[in-house]
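Letters A, B, ... mirror the listed sequences (proteins, then strands); counts begin at 1.
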Amino acid sequence: MIETLDLGVTLTELPLLSRVNLQLKPGKITALVGESGSGKSLTALAIMGLLPTGMRTKGRVELNGDDILTLPEPELCRIRGKRISMIFQEPMTALNPLMTIGEQVAESLRLHEGMPHEAALQRARERLDRVGLPEPRFPLTLFPHELSGGQRQRVAIALAIAARPDLLIADEPTTALDVTTQAQILQLLAGLVRDEKMSLLLITHDLAVVAGLADDVAVMQRGAVVEYAAANDVFRRPQHSYTRELLAAAAHQPRLVLTKADAPPLLEVSNISRSYAVAGKRSETDRLIAVDNVSLTIHEHEAVGLVGESGCGKSTLTRAILGLDPIQSGQIHLSGHDIRAGWRMPKAVRAGMQVVFQDPYGSFDPRWTVEKLVSEPFHLTGRPKDWRDRVAEALFDVGMTGSVMRRYAHEFSGGQRQRIALARALIIRPSLIILDEAVSALDVRVRMQVLDLLAKLRVRHGLSYLFISHDLSVVRQITDRVLIMRQGKIVESGPTSRVLDEPQHPYTRQLLAATPRLPQEIALPAPEKLSDRL
Amino acid sequence: MRRYLLHRLIALGLSLAVASVLIFSVVELVPGDPASYMLGTGAQPETVAALRQQMGLDLPLPLRYLHWVGGVLTGDLGHSFTYKTPVAGMILDRVQVSLPLAVMALALSVAIALPIGMFAAARLGRPGDTIMMGATQIGISLPNFWFAMLLVLLFAVRLRLLPAGGFPGWDHPLAALKSLILPAIALALPQAAILARVLRSALAETLGQDYIRTARAKGLSRSQALRRHALRNALIPVVTILGMQFSFLLAGAIIIENVFYLPGLGRLIFQAITQRDLIVVQSAVLVLVAAVILVTFLVDLTYAAIDPRLRQR
C-alpha cells in the first residue's frame, strides 16, 4: 500500500501543497478531484519524486511502510516505473516520436527486470494485447504517429503497467480524448485495477468522470484536501461547501431563453462539401471527405449546437462558415449575403459574425493590450471616435471593468481570457457568434459562469450562437437545437431536449451512453427558474 | 520512403542544372574578353580573333553552354588561361587537400561539440552549463587564424611535433596527414563552438517535451533520458548546421590555407580571380556548388534516417 502522510510541497518557503493524506490501497481507485491549480498534479509529481527543480517536499510518502521521499535519486529510479507508474494528459506528445511502440514498452522491462531484448519485446507484446492493441493490426514496429490519440494513450498505459506496478497514477488521462474513447480508456483502467490488483490514483477536474468508477474521492482546493471519503458519500452527502459548489456547478442550468417561433433564417448552409487530398495518395477516390453535403440553418436569436468527435468535420465546417476556407460545392449565406473564402468576402458581411475559440490565449497577441485586442474587429467597420468607450462597454458586458484595458492577456486566468475573447467578438455587434469549444478548457465553476454570461448576452443583444462542442452535457445547457455530426455528415438534428432524451440515431445513443454523468439524486439547491422572452 | 527519395533526387538534379546555367551566364556576363586579356593590351585584333576562335568564344551562347556542360560531364573542364594546363587536373590536385581537410575538421568539430553540448544540456542553468557556454562564446568570437598562429607557435615552433605549414602530397601519407592536423584543429574549433551551442539549445528544448517526462516516469535517470530519448530528437537542427559547415569548410578555408601554405581550393579560386582566369573560376565554383547540393541531399537522407515520419512519405 502507498500512503501519503502530511505530504506538502513548498517553493522557496511558499507552501504550494500541505497536509495531503491519502491511502492508496491495492485494487482500489482513488479519485483526486479539483480545479486547475488546486495541486492535483503537484501531488502526483511529489509522489513520483519528479517535482520541478526548486520545489521541496515535506511529510512522508510510504511504500509498504518505507518513506520514499528521503531516498536518493538512483533508488527512486528503481521505484519509478517499477512500483509507481504514471500516465499523463496529452497522449499525442507523451511518446518518443522516433522510437517504435514495442521498444518503448520493452525499455521499461529491460530497465527494471534486466530482461534480454527479445524477451522484453515478447512481454511488451503481451502488455499491448492487454491494453487492446492486438496483433496483427498493431505490430510492435509501429511508430507513435501511426496511432490515434486514444491508441497512444493505450501505449502509454501499456508501458506504465509493463513492470506490474503497485500504483498507477493517471493525471487527467482522458481530458484530451473524445467521449467514446474516454469511456473505453476508463473501462480499460478499471479492468486493470481489478485484474492486476494495483491501486489507481485517478486525477481529474471532472467529477462526472469518476462517478461510478472511483472507490474513494479526495477533493482538493488551493493545495489542500478538503474532503476525502468513499465515493458514494461524496456524491450523495457532500460535507464540504466547496464539494457542494463543484457538484452544483456541474449540474447547473443557465436561465432559459425562449426563442421566437417565426424568426427569419440568419445563416443558411446548403449542400456544402469539402475534401482533402490524403498525403501520399493521388487518386480522386482516396480523397478524405471532411464535409459531405451538409446543410443547416440557424435562425435569428437561435442557439444551435454542433456535436461530434475529433475528425468528424466540425472544424472544416466552421472554417467554411467563417469564410476562411473555400468549399468545393454548395452555398453559404449570412443574412442573404454570399460567404466566400478570401478577399472576395465584403467586410460588412464578415462583420456579421465573430468567433471565440477554445484557447483564447493562443488567439491573443501576447504583446497587445486588452484595449487593442478587443478593438481589433473595428478594422471591419472602421474605428469610431468613441472606440475606447465602446471597448469599456464591451468589457462591462462580459463582467469586467475598464481598468483591465491597459493589461496583457497573460495576466488573466482562463475564464477571464474567455470573457475578453467574448468582448472582442461582441464589440462590433455581430448577429452570429461561433463558439468553437469555447468552454471546453474551463473548470466547472468557471464554465458555469461563462455559460450564464452567454445566456445573458444572448437575451441582451439578440445574438445567435453556433455552439461547437464534443460535450453533450454543455450543449444541453445552452442550445435550442442540436446537430450531431459524424464522418462529415449530420446524422441527427432536432430540438436539443428531444435529441438528447429520445435519440434516434445509433451514433447519438452511443455518444450519450459514453458521456459521464453525475448520480441523479444529489442533494442540490434548485436551479434558477428564470426565463426571458426575447 | 521511395517518394521522399525520388523527390530529393529530382530536387538534386534540378538544382544542379539551374546552378550550371547560372554559373555559366554570370561568367559570360562579366565584362572583359578573356582572349584580349590573355594576349595583353597591345595585341593585334587578328590575333585576338584567332584566339577567340581557338577557344570557341565566337560560337553562339547556347552552343557554348552545351559544349561546356558536355566537357564537364566527360571530365574536360578546358584549359586554364594563365597556366595552359587542364583545369580538371588543377582542381583535382586542390580537392585532394581541401576535401580531407574539411572532413577532418568536421569530424573533429563533432567530436568536440557532442560531449560539450550534452554536458551543458544535462546541467541547464547550473555552473557547468554557464562555464561551457562561456567557453563556446570565446570559441566563436576568436578568429580562427589567430588560433592557427597559436597552434603553430605551440606545436610546430615550441614542441616541434607537427609541421608549421606546407603539404608534401599524398605520396607520403603519414606526412600529409600530419600537415593537415593543425589546420584541421584551427578550422574545427569555432565550428565546434557553434555546433555545441546548437546541440545544447536543441537538447534543452527536447528535454522539456512530454515524452522525456514519460521516460523519467518509466524510471530512467536524467542522463539516461537525455542519451536514449532526447539526443536523437535533437539531432535534426545539428545535422542541418553540419551540412552548412561542411560546405563552408570546403572552400572557406582560404585564410587557414594561407596561414599553413596549403595548396587548397580556396587559394586556387582566389588566385584565379585575381588573374582573371575565368575558366578556372567557373569550374571551381561549379565543383563547390555541386558539393553543396550533394551535401544537402545527404543531409535530407539523414533526416529520413533519424525521423520515421519522413520515411513514410
Seminar exercise, completed: Bottom line for B:Ile212: the part with an atom under 4.5 Å from chain A's heavy atoms is neither
Seminar exercise, completed: Ranking A:Met92, A:Gln89, A:Lys82, A:Gln104 by heavy-atom pairs under 4.5 Å to chain B gives rank one to A:Gln104
For this session: State whether the number of non-hydrogen atoms from other residues, nucleotides or ligands found under 6.0 Å of B:Arg232 atom CZ is greater than 12.
Result: yes
Exercise. Is the count of non-hydrogen atoms from other residues, nucleotides or ligands lying under 6.0 Å from B:Met244 atom CE greater than 12?
Worked result: no
For this session: Using the six-membered ring of A:Phe143, assess whether NZ or CZ of B:Arg309 lies under 6.0 Å from its centre and within 45 degrees of the ring axis.
Result: no
Exercise. Is the number of heavy atoms from other residues, nucleotides or ligands within 6.0 Å of CD1 (B:Ile255) greater than 12?
Worked result: no
Seminar exercise, completed: Okay, A:Glu73 and chain B: the region with an atom under 4.5 Å from a heavy atom over there is side chain
Exercise. Can you check whether A:Leu111 reaches B:Arg228 side chain to side chain, under 4.5 Å on heavy atoms?
Worked result: yes
Problem set entry | Spacing of OG1 belonging to A:Thr93 relative to CZ belonging to B:Arg213, to within rounding of 0.5 Å | 7.5 Å
For this session: Return the minimal non-hydrogen interatomic distance between B:Ser221 and A:Cys77, and the atom names on each side.
Result: CA-SG, 3.6 Å
For this session: Please check if any side-chain donor atom of A:Glu107 sits under 3.5 Å from a side-chain acceptor atom of B:His229, or the reverse.
Result: yes
Problem set entry | When A:Ala156, A:Ser108, A:Ala94 are compared by non-hydrogen pairs under 4.5 Å with chain B, the top option | A:Ala94
Exercise. What pair of heavy atoms forms the shortest contact from B:Ile306 to A:Leu98, and how long is it?
Worked result: O-CD2, 3.7 Å
Exercise. Which distance, rounded to the nearest 0.5 Å, do you find between the NE2 of A:His112 and the CG of B:Leu220?
Worked result: 7.5 Å
Problem set entry | B:Glu205, CD: over 12 other non-hydrogen atoms inside 6.0 angstrom | no
Seminar exercise, completed: What one should report as the nearest heavy-atom pair of A:Pro97 and B:Pro308 is O-CG, 3.5 Å
Exercise. Are the side chain of B:Lys218 and the backbone of A:Met86 linked by a donor-acceptor contact shorter than 3.5 Å?
Worked result: no
Exercise. Quick check: are there more than 12 heavy atoms from other residues, nucleotides or ligands sitting under 6.0 Å from CD of A:Gln122?
Worked result: no
Exercise. Could you give the distance from CG (A:Asn96) to CG (B:Asp210), rounded to the nearest 0.5 Å?
Worked result: 12.0 Å
Exercise. Just by distance, do the side chain of B:Thr214 and the backbone of A:Leu95 share a donor-acceptor pair under 3.5 Å?
Worked result: no
